[in-house]
Amino acid sequence: MNKQKKLLLIDGNSVAFRAFFALHQSLERFVNHNGLHTTAIYGFKNMLDKIIEEVKPSHILVAFDAGKRTFRTNEFEEYKGGRSKTPSELSEQFPYIKELLSAYGISNYELLNYEADDIIGTLANDAQIKGFDVTIVTGDRDLTQLTTNQITVAVTKKGVTEIEKYTPAHVEEKYGIKPEQIVDMKGLVGDASDNYPGVTKVGEKTAIKLLQQFGSIENIYENLDEIKPSKMKDHLIEDQEMAFLCKKLAKILCDAPIEIGIDDVKWNGIIEDDLRKFYAEMDFKSFLAKMQSSKLNQLDEKDKNKVTYQVINADEQSFKLNLNKPLSFYLEMSGDNYHQAQFVGFSLKNDDKIFVSRNVEFLKSLDLKRALEDENVKIDLFDGKRTYVGLRRLGIELKGIDFDMLLVSYLLDSSENNNDFGKLAQQHDYFNVSSDEEVYGKGAKYQIPEDDSIFFNHLARKVFAIEQLKMQLMKKLKENEQEKLYFEIERPLSLVLGKMEATGIKLDSQKLEEMGSQLKERLAELEQEIHVEAGEDFNINSPKQLGVILFEKLKLPVIKKTKTGYSTAVGVLEELRGMAPIIDNILKYRQISKIQSTYVEGLLKVVFKTDGKVHTRYTQTLTATGRLSSVDPNLQNIPVRLEEGRQIRKAFVPEKLNWKIFSSDYSQIELRVLAHISHDKNMQAAFKAGADIHANTAMQIFGLDAAEKVTGNMRRQAKAVNFGIVYGISDYGLAQNIGITRKQAKEFIQRYFEVFPGVKQYMDDIVAKAREDGFVETLFNRRRYLPEIKSKNFNLRSFAERTAMNTPIQGSAADIIKVAMINMQEMLKNKNLEAKMLLQVHDELIFEAPNKEIPLLEKLVPKIMDQAVSLEVPLKVESAYGKTWFDAK
DNA sequence: AGGGTCACG
DNA sequence: ACGTACGTGACCCTA
């Protein structure tokens with residue numbers, strides 16, 4: 001085999017730094033069994049794989065810096081001065097990066113008094129002469145000075161696996177100068193991170209202009225006469241010496257006294273046994289698993305990376321499904337909002353053939369409609385809800401979903417909630433499909449490719465990936481004992497949600513517009529008063545401008561600061577109340593303006609012209625706890641607490657005349673769940689007796705012997721304690737919430753745990769269990785991983801501990817209402833009711849129904865909700881109805 | 001794009 | 001001593 005001469009040179013320090021900071025938020029999640037951080041090692045490995053795959057080098061060297069002092073510090077003492085110390089979490093990783101390299105069979109080299117750059121420059125130059133193509137990988141743009149026709153510099157961008165390749169042409173295009181002029185540019189401009197100054201007041205723009213005119217620093221100074229007298233010229237003259245020195249510092253050596261040559265860096269491939277041991281030591285389990293499986297599949301590896309497909313043709317009837325074989329299906333729409341997004345294509349895999357098309361009309365005519373609508377034909381897909389709603393718009397009712405890759409992934413790890421197909425596949429170590437962002441772009445650049453081969457390939461790879469990943473993910477689901485959660489809750493729920501979303505809820509737009517014009521007037525009045533009180537006009541919506549007015553101009557006391565300035569949040573303004581009339585007006589302005597912009601104008605913007613309804617989308621695969629979220633519009637945060645905001649609910653109306661809005665909500669579901677999972681006898685007794693739970697808590701923690709002795713204030717405080725318990729209480733948080741001292745809060749909590757010892761036990765146990773297992777679970781085995789519970793960082797660890805206490809509570813409540821929703825939909829269908837389930841707001845279900853069905857709902861809905869599960873305490877459901885959502889209270 | 005603020009459970 | 005309540009999404013402003 002005659003390999004081409006290709007040299008890969010890697011700037012080890014620079015890539016390690018980039019990798020480390022790219023994964024910095026995940027620092028605590030990448031820790032091996034010895035407590036070693038592994039972020040930089042992990043990132044380095046990913047970069048290596050990617051670049052080796054791309055370059056296919058015959059020779060590789062990784063160069064490192066040898067120490068702090070180099071010949072450059074001898075020239076200029078401040079060189080690279082003022083840099084903060086390398087974090088210990090990174091420096092501890094360097095020896096292991098070298099171990100990784102050795103397992104990869106890759107040489108590394110460092111040279112006292114020289115930087116990695118100089119080793120790279122010297123070897124690159126030598127290799128070039130010997131006819132090699134050279135690729136240099138670094139995070140440092142300065143190295144682009146080395147680019148030639150034979151030398152390409154790959155600079156890592158955001159993260160380390162994404163790179164930008166610099167050729168001489170690309171350098172010129174990007175900087176407007178030739179590669180060899182980069183050192184002149186650095187000489188003139190200086191480099192803040194390497195800490196050398198260049199010429200005073202000369203920035204990139206000036207430098208480029210000068211270099212385009214004169215070519216080099218030397219030439220500038222030889223032809224100074226040609227520059228007209230100016231400040232800039234004075235600076236040039238004054239800093240001449242510095243300019244030459246800086247150029248020298250920037251210049252990468254091509255003749256460093258290295259003791260290795262090109263023949264020493266020949267690459268003979270990975271040393272598998274060493275690498276396996278290394279991965280085991282690092283706890284890189286997925287890499288290990290991948291190595292094993294790739295070994296098994298080495299023979300058909302080539303075929304695996306290639307996906308072939310057939311474009312469905314209008315008059316071709318060769319298209320036949322074999323329904324005894326699995327069927328994977330993917331429907332592509334342009335954009336997130338599948339209620340109105342344009343259909344752009346589909347793909348399907350069946351019986352080892354992949355079919356693709358841009359024309360979704362085919363779905364209606366071919367065998368496919370029948371297959372999709374047949375309960376007994378099991379379909380594998382990605383995002384069943386999206387597909388269901390999309391197909392429904394085409395008049396097809398999707399029935400038999402088997403494997404929903406998005407949903408299963410989410411259940412396996414609710415914190416890795418990536419809704420992008422390609423990225424999600426990657427998380428499962430499947431790299432044979434690109435992310436949508438890569439293929440379609442994002443933001444303004446989002447576009448479905450016109451090129452058939454790009455687009456069809458992407459679609460084909462998706463259905464292929466679904467099939468490839470199905471076994472692996474379903475197996476994990478089983479190992480986690482989450483099959484019931486998937487088959488009986490989440491998968492059926494996705495269709496229930498799809499129906500609710502597609503049904504939508506009617507909005508009385510006229511009502512909203514009336515409210516809007518009233519609010520507008522009110523806002524104008526308030527704005528004027530505020531401006532008079534401030535003595536000048538300013539933007540009240542700008543926290544920055546408001547801060548200046550309140551705390552500088554009016555000299556009100558600063559209560560709290562934010563990262564960027566003064567805090568003007570409600571809590572702060574409330575403390576300032578009474579000190580100036582402007583405060584009340586600002587609070588009112590904020591309140592009204594929120595209603596106006598978010599709820600009046602915001603909702604009007606998303607009403608569908610076709611049916612006068614809003615169609616939210618529930619995100620089923622997002623929250624870490626298992627709750628749903630609602631977007632576009634968010635119908636889970638429609639105002640209710642304050643009367644002014646609550647009026648918005650008057651605009652939510654039934655679709656038909658003589659129908660009503662009907663609403664049922666669980667009363668204190670989270671505390672009941674806590675009473676159940678903690679088995680606390682005292683708390684359970686209160687629920688079984690049907691007591692007012694907050695008053696009961698007050699009685700207990702204040703040591704009262706009768707419910708009548710509980711004052712309003714005691715109940716309020718006890719309620720806050722109950723909330724605090726659910727959230728994973730801290731004395732500080734409680735104190736802040738109800739305005740008592742930390743000491744008092746601490747006593748409350750202590751007292752609470754004395755009277756509810758079961759709860760205390762639960763809190764201790766769950767944190768210990770989380771530490772042991774690395775995750776916590778809900779009633780139905782929904783899982784949340786909490787790696788940070790072992791963190792040495794107090795904040796991260798405390799947060800994980802509170803989460804460990806809260807997630808089983810919040811998550812189990814989410815499980816319960818999901819079960820209720822599925823049973824509810826079933827009941828509506830079985831009883832042939834016209835009533836429709838419209839919304840879910842965490843512990844509340846909202847319906848619309850003909851007047852005559854209301855009595856039935858009043859009986860059935862609470863029954864289905866409180867019988868969704870059987871706990872050690874009863875569940876309680878309260879219902880209401882009226883002609884609008886506002887009236888259903 | 002990210003922070004501040006505020007709407008909900 | 002550390003510095004916090006748990007879970008979300010939308011709007012506005014300002015880099």
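Naming convention: chains lettered A, B, ... in sequence-line order (proteins, then strands); numbering from 1 in each chain. Below, each value reflects all heavy atoms present in this structure, side chains not excepted, and no hydrogens, waters or symmetry copies.
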Base, sugar-phosphate, or nothing: which does A:Gln545 touch, judged by heavy atoms less than 4.0 Å apart?
sugar-phosphate

In which stems does DNA chain C show up, taking only runs of three or more Watson-Crick or G-U wobble pairs whose two distances fall under 3.5 Å?
B:1-9 with C:6-14

For the base of C:dT4, is there a side-chain donor-acceptor partner from A:Ser730 under 3.5 Å away?
yes

Below the 4.0 Å mark, does B:dC6 have OP1 or OP2 next to a side-chain nitrogen or oxygen of A:Thr598?
no

When only distance counts, do a donor and an acceptor, one from the side chain of A:Lys594 and one from the base of B:dC6, lie under 3.5 Å apart?
yes

Could A:Lys650 and A:Phe886 be counted as a cation-pi pair, given that NZ or CZ must be under 6.0 Å from the ring centre and within 45° of the axis?
yes

Closest nucleotide among C:dG3, B:dC6, C:dT4 to the A:Tyr732 side chain
C:dT4

Can you find a side-chain donor-acceptor pair between A:Thr778 and A:Ser812 that sits under 3.5 Å?
no

Is A:Thr568 touching bases, backbone alone, or none of the nucleic acid, heavy atoms closer than 4.0 Å?
sugar-phosphate

Between A:Ser567 and A:Thr562: side-chain donor-acceptor atoms closer than 3.5 Å:
no

OP1 or OP2 of C:dT4 versus the side-chain N and O atoms of A:Asn795: is any pair under 4.0 Å?
no

We want to know whether A:Tyr618 and A:Gln636 form a side-chain donor-acceptor pair, criterion being a heavy-atom distance below 3.5 angstrom.
no

Can you identify which nucleotide, out of B:dT5, C:dC12, B:dC6, has its nearest atom closest to the A:Ser597 side chain?
C:dC12

C:dG7, C:dA5, C:dG3: which one has an atom nearest the side-chain heavy atoms of A:Thr803?
C:dG7

Presence of donor-acceptor pair under 3.5 Å, side chain of A:Arg802 and base of C:dT4
yes

Tell me if a side-chain donor or acceptor on A:Asp632 pairs with a main-chain N or O of A:Thr616 at a distance below 3.5 Å.
no

Proximity to the side chain of A:Lys544 - top-ranked nucleotide from B:dT5, B:dG9, C:dA15:
C:dA15

Counting the atoms with a prime plus P, OP1 and OP2 as sugar-phosphate, which does A:Asn737 contact under 4.0 Å by heavy atoms, base, sugar-phosphate, or nothing?
base

dist A:Phe799:CZ -> A:Glu788:CD (nearest 0.5 Å) comes out at 8.0 Å

When we call it a touch if two heavy atoms are under 4.0 Å apart, what does A:Gly724 touch: a base, just sugar-phosphate, or nothing?
base

side-chain N/O A:Arg646 vs B:dA7 OP1/OP2, d < 4.0 Å
no

Roughly how many Å apart are C:dC2 and B:dA7, using the P atom of each and rounding to a whole number?
32 Å

Between A:Phe794 and A:Asn806, just flag the one whose closest nucleotide in DNA chain C comes earlier from the 5' side.
A:Phe794

How are the rings of A:His694 and A:Phe723 set to each other: parallel, tilted or perpendicular (split at 30° and 60°)?
parallel

I'd like to know if A:Asp584 pairs up with A:Lys588 as an ion pair, taking the criterion as any Lys NZ or Arg NE/NH1/NH2 lying under 4.0 Å from an Asp or Glu carboxylate oxygen.
no

Residue set satisfying side-chain hydrogen bond (donor to acceptor under 3.5 Å, both in side chains) with A:Ser494, at least two apart, ordered chain then number -> none

Side-chain-base donor-acceptor pair under 3.5 Å for A:Arg742 and C:dG3
yes

What nucleic acid atoms does A:Val631 come within less than 4.0 Å of, heavy atoms only: base, sugar-phosphate, or nothing?
sugar-phosphate

Please state the C1' separation for the pair C:dG3 and B:dC6 - nearest whole angstrom.
23 Å

Is the closest side-chain donor-acceptor distance between A:Tyr410 and A:Glu490 under 3.5 Å?
no

NA contact type, A:Ser593, heavy-atom cut-off 4.0 Å: base, sugar-phosphate, or nothing?
nothing

Give, ordered by number, those residues of residues 635-643 of chain A having at least one heavy-atom distance below 4.0 Å to an atom of DNA chain B; if nothing qualifies, reply none.
A:Gln636, A:Asn637, A:Ile638, A:Pro639, A:Val640, A:Arg641

Under 4.0 angstrom, heavy atoms only, what part of the nucleic acid is A:Ala804 near: base, sugar-phosphate, or nothing?
nothing

